[in-house]
Amino acid sequence: MLRREFIVLASATLASLSMGLTGCGKQNVAASYPVLPTDVCTKSPTFCEMCFWKCSGWVHSKNGKPWKVTGNEQDQHCLGRLCTRGSGGLGAYEDNDRLKTPMIRITNSDGSQGFREASWDEALNYIAEKLATVKGEYGAESLALFSHGYGATHWKTFTKAFGSQNITAPSYAQCRGPRTEAFKATFGQGVGSPECTDMENSQCIVLIGSHIGENLHNTQVQELGTALKNGCELIVVDPRQSVAATKAEHWLPIKPSTDIALLLSWIHVLLEENIFNQDFVTEHCTGLEELKKECASYTPEWAYPITSIQPDVIRKTARTMAKNAPATLVHPGRHVTWYGDDTQRSRCIAILNALLGSWGSKGGLYLPQKAKVPKYPLPAFSKPKWTWKDLENNKYQLASAAVASQVRDVTADPSLDPEHPIKAWFVYGSNLMMSLPEQKKTIQAIQNLDLLVAVDIMPAEICGWADVILPECTYLERYDDIRVSPGRKRQIAVRAPAFEPRFDSKPSSWIVKQLAQKCGLDAWFPWANQEEYLSKRLEPLGISLKELEAAGVMEVGQQQPLYFADGAPPTFKTASGKVELVSSLFSHAGFDAVPRYTRHPEPPQGYARLLMGRSPMHTFSRTTNNPHLCQLKDENELWMHPDLAMLWGVTHGQRIALENQDGEQSRYRIPVKVTQRIRPDCVYMVHGFGHSEKKMTRAFGKGIAENELMTTIHIDPIMGGTGRRGNFVVPSALTRTEAAHQQEVGHA
Amino acid sequence: MRKRYGMVIDTRVCISCGNCVMGCKAENVVPEGLHRVWVVEEESGVFPHARLESRSERCNHCEDPPCVSSCPTGASFIFEGSNITLVNPDECTGCKSCVASCPYDARYIEPGGYIGKCTFCVHKLGSGEQPSCASVCPTDCIQFGDFNDPNSQVSRSVRTERTKVLHEAAGTNPNIYYIY
C-alpha cells in the first residue's frame, strides 16, 4: 500500500500525494509535512527590502498566515533564489519590537525627556506646524532628507515640493560614491546598482577588498558561483582571507591602505610587457602615452616593500588578467570609502578595466539596459534658492550626489556655512547613528535642529533622537513604487502588500499624502492611493497593475546588445567622448589626472588597524534584531591573527572592549576570533552590531559597533567620501566592570 | 526501483551564507533556536596559506541508519521505497536514543517533546521540486538526486569529482557527499 503511495510520490503532484498519506500509523509521512492538502496556500508579489538588491519574490501564506518568501524565477535580480536575508524577510513583519504608533517627544515635569504615543493626525500636525516655522525663519531649503530604501519616493517628492533639494543618503559618501565618480571620469558612466558586472561569463575576476559572498549581493554571488564552476581564475586582494579569497587561485594579503601601489604596478606591468588590449585601447581610449610615462616607475619591485606583495606574484597575476582579457573583470566593489583617496583607487580599477578592454565586453562589464517608465505627471517643483551643491562654496565639486556627512557637518557647525542653514531633518529608513561616522558630530547636529522626524520600522537609534517618530509598515504590508533598475534585461517589478499593516503602522504613500495635505502641498500628491499612482505610471506601457502583480516582473521595451562585439554603439559621455585613461575632468578640477600612491598613517606601536565588512545574514544595522536572522548570527566577532592575540594577551572566545587612537572606547564588548585568515597588523569585524537601543531586545548590547571607534576620518577631496579605515585599536582597559556590563546588557 | 536520495555538496563554492538554514527553517516552520541544517566552517593551515572548508550539513539519510535501529518504539522509520528517515511524532517518546546514536548530531527535540530532523523536504519531492536548502542556495552548491539512478547529477558528480563523506568510520553508509 505505502510502497504504491511512494511511487505516486515520485511522479504526482503534492496534493494527490499527501492525500493518501495522512494519519497512516507508523509510516505517518504527513507528520513531516509543513503543508497538507487541506491547507489553503496563496502567494503575492513583492520585491525584497531586506537590502538594496531588491529581488523580486513571492510571499506565501498558509491558511491566511504568513509562511515564507521565495524568489521569482523570472527576475534578473535573483534568478528564483533569494538570499539569507530575503528568506528571513518575514522576521521584519513578525518582529514585536517594531515601532507601533507615532510618537512625539515631550518634556516631563521633572525636566527629563521622553516620548508619548500620538495619533497620526497629532503627529503630522506637529510636523506641519514646525515645518512652517522653520520655513518662515530659515527658508524651505533648510529642510534636508536622509533616505535609504524604496519607500523614499514620496518623501523625496515632498521635500522638493516643500522647496528643498537637499536630499541625501549615506549610500553615496559613506559607501559607493568614489567608484561612481571614478567610472564616470573614465567611461562617462557609473557601474550602477545592481552593477553591470558580467561575472557569469568572466574567465578572470579580480576583487580588491570586495568580499562577495560575505556581502550577499544576490546575483553577483550566484554569478561568482557559476564563474568558479566554469574554471574562472579568481584573484583576491584583501588583508583578510575573505570567503572569496578562500576560493581564489591567488590570495594577495596586502598591507592595508596600499592598494593603489599594487594597482599602479599592475598597470605598469600591462603597459611594460605590452600585454594590454591594444585593439580596445587604440579604438576607444585617450591618454595612453601619458599613462605610460606616469606609470613607468611603478615596477613590481617598487610596489613590493609598500604592499608586501612579491614582485613575481604581481607580474604573474597581471599576466593572468591579460591572458583572459577582455573576459577579465576587475571588480569595482561597492563599499569603497576607506582611506580618503578612494576615488583615485577606483580610478586605477577603471583604468585596468580599460586596458584589459573589459568595458562593453563579455565577461567584463556589460552595457546595462533599463526600462523606460515615465514618471507620474506632477506640477514642476519651484527652484530652490540654494541646494546641497552650494554648501561650503561647492566644496566637493565632483560629487554628483549630496554628501550626507557634509549636510550633517554644516548642521552641527553652522559657522562652516552661515548662508545655508539646515534646521530640519527627515530621516527615512537610515539609522544615521550607525551609518554616519563621527557619532558625536551627528549628536551635535541634532542639538541644532528645530525638527527631526524619523520614519522607520524599527526603533533604530536615530529614533531616540527624533522629535517625532513615524512608524512605517514593512515592505510585506505595502505597495511601493515600481522597481526600475539596470540589468541585462529591461525589467520592471512590483511590490504589493501580502498582509495588513500590524499595529498602527502605515505605508509612506499614505503618510506623505496626509502630511502634504496639512502643508498645502496637495498638488504633488493628486492620486487617491498607491494603486492609483502605480496604475497611472504603468498606463503608457500598456500594462495593468493586475497583470504586473500576477507576474511580479515584466519585460518592457526592446532588448539592446550588451556588448560592443554584438553591435552596441561605443559611446562614452566623457569630455573627449573617449575612455579617458588620463582624466581631463580631474585635471581641470585640480586633481591628479593619473592616480598616485600616497602613504597613509600606520598603526601606533601595539595598535592594530580596524577593518570592517559585512555578514551575509545581515544588512547594515537594519536586520540584527530580526527574530529569524538573529538566530543565525546575533553578535559580531573580532578577527585577529594568533600573533596579535599573543601580543594583546587575549584568547579565542574572550570578550574584550576596544579603545581607539583617539581614546574612544567601545560601548560593549566583542568575542575574539583567533584565526590564521588575517594579517597580524589589522583586526576585522562586521558592521551592524552593538546596538544601544534597549527597545531592540534581541540586538541590544550584542557586539561592537565599529562606528564608535572610527573617529578619525580621511575625507576624499574629490567627492567628500568619508574614509574610515585609518583608525587603530587596542583592547581597552575595560573601564566597565563585568558586573556593570552584565547589569546593563543582561547577558554574558 | 528503490530510491536512494542524497546530496552532493560542493564545498568549493559554498560561501557559508546560511541560506540553506534559513530556507529550511522557513519552509518547514522550524521553531526558534532550532535547525535541521547547519553550516560548518573548518579552518586549517597557517597564514598566508590558510584554508577554509565551508560545509552545509544535515541528516545523511544513511543506508544503515542507527537512529532507526536504536528507536525503541519504532517512531523512527525509513520511508518505504526510499532511504529517507522520518519520525512519527505520535509514537516518539523523546527518549533520545536516536540522538545518541546519530554520528552527525542531526536530530533535536521539538518543543512538542518529539524528535525533529531533516526530511529532505519529502513533501516537495512529489512535484519534482528540490529540498528547500538546495533550491535557495545562491551558489547552487547543493545537488540533490537519486544515487540509484546512474544518470542523475549526483551519481555523475560522485563519479567525476573528488568527494568525501563525513564520519565514514561510523559505518552508516551516508548519502551526503562533499566535493572538496
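None of these values were measured; they are calculated from a predicted model.
Listed for the A:Q676 side chain is a donor-acceptor partner under 3.5 Å among the backbone atoms of B:F47.
Heavy-atom pairs under 4.5 Å with chain B peak, among A:R679, A:K68, A:Q631, A:Q222, at A:Q631. Interface check for chain B: of the options A:K229, A:H628, A:M617, the most heavy-atom pairs under 4.5 Å are formed by A:K229. Of the residues considered (B:D146, B:T139, B:L52), B:L52 shows the highest number of contacts with chain A, using heavy-atom pairs under 4.5 Å. Note on B:L34, B:V136, B:V39, B:I78: by heavy-atom pairs under 4.5 Å with chain A, the leading option is B:V136. Chain A forms the most heavy-atom pairs under 4.5 Å with one residue out of B:E43, B:K117, B:R51, and that residue is B:E43.
Contact of B:E53 with chain A is not made at all, since no heavy-atom distance falls under 4.5 Å. In this structure, the portion of A:I678 lying under 4.5 Å from any heavy atom of chain B is its backbone and not its side chain. Contacts of A:W251 with chain B are made by side-chain atoms alone, with heavy-atom separations under 4.5 Å and no backbone atom involved. Within the 4.5 angstrom heavy-atom criterion, atoms from both the backbone and the side chain of B:C137 approach chain A. Contacts of B:S132 with chain A are absent, with no heavy-atom separation under 4.5 Å from either backbone or side chain. Proximity to chain B (any heavy atom under 4.5 Å) is shown, for A:H60, by neither the backbone nor the side chain. Proximity to chain B (any heavy atom under 4.5 Å) is restricted, for A:K62, to the side chain, taken from C-beta onward. Neither the backbone nor the side chain of A:T226 comes within less than 4.5 Å of any heavy atom in chain B. With a 4.5 Å cut-off on non-hydrogen atoms, A:T84 touches chain B through its backbone and its side chain both. Only the side chain of A:L216 has a heavy atom closer than 4.5 Å to any heavy atom of chain B.
A pairwise comparison of heavy atoms in B:S135 and A:R81 identifies O-CG, 3.3 Å as the closest pair. Here the shortest heavy-atom pairing between B:V122 and A:Y33 reads CG1-CE1, 3.6 Å. Between B:H123 and A:V35, the shortest heavy-atom distance links the atoms CD2-CG2, 4.1 Å. Across A:S32 and B:T119, no two heavy atoms sit closer than the pair CB-CG2, 3.7 Å.
Within a 6.0 Å radius of NZ in B:K96, other residues, nucleotides and ligands contribute 12 heavy atoms or fewer.
The side-chain contact (heavy atoms from CB on, under 4.5 Å) with A:V29 is formed by just one residue from the set B:I84, B:L86, B:N88; it is B:L86.
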> Passes side-chain contact (heavy atoms from CB on, under 4.5 Å), B:E41 versus A:V243? Steps please.
Replying inline: CA-CA 10 Å; B:E41 286 194 320; A:V243 169; 4.3 Å; yes
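Annotation: residues 161-180 of chain B contacts chain A through no residue [non-hydrogen atoms, separation under 4.5 Å]. Within residues 8-33 of chain B, the residues approaching chain A closer than 4.5 Å by heavy atoms are, in numerical order, B:T11, B:R12, B:V13, B:C14, B:I15, B:S16, B:C17, B:G18, B:N19, B:V21, B:M22, B:G23, B:K25, B:A26, B:E27, B:N28, B:V29, B:P31, B:E32, B:G33.
Between atom CH2 of residue B:W38 and atom CG of residue A:L632 there is a gap of 14.5 Å, rounded to the nearest 0.5 Å.
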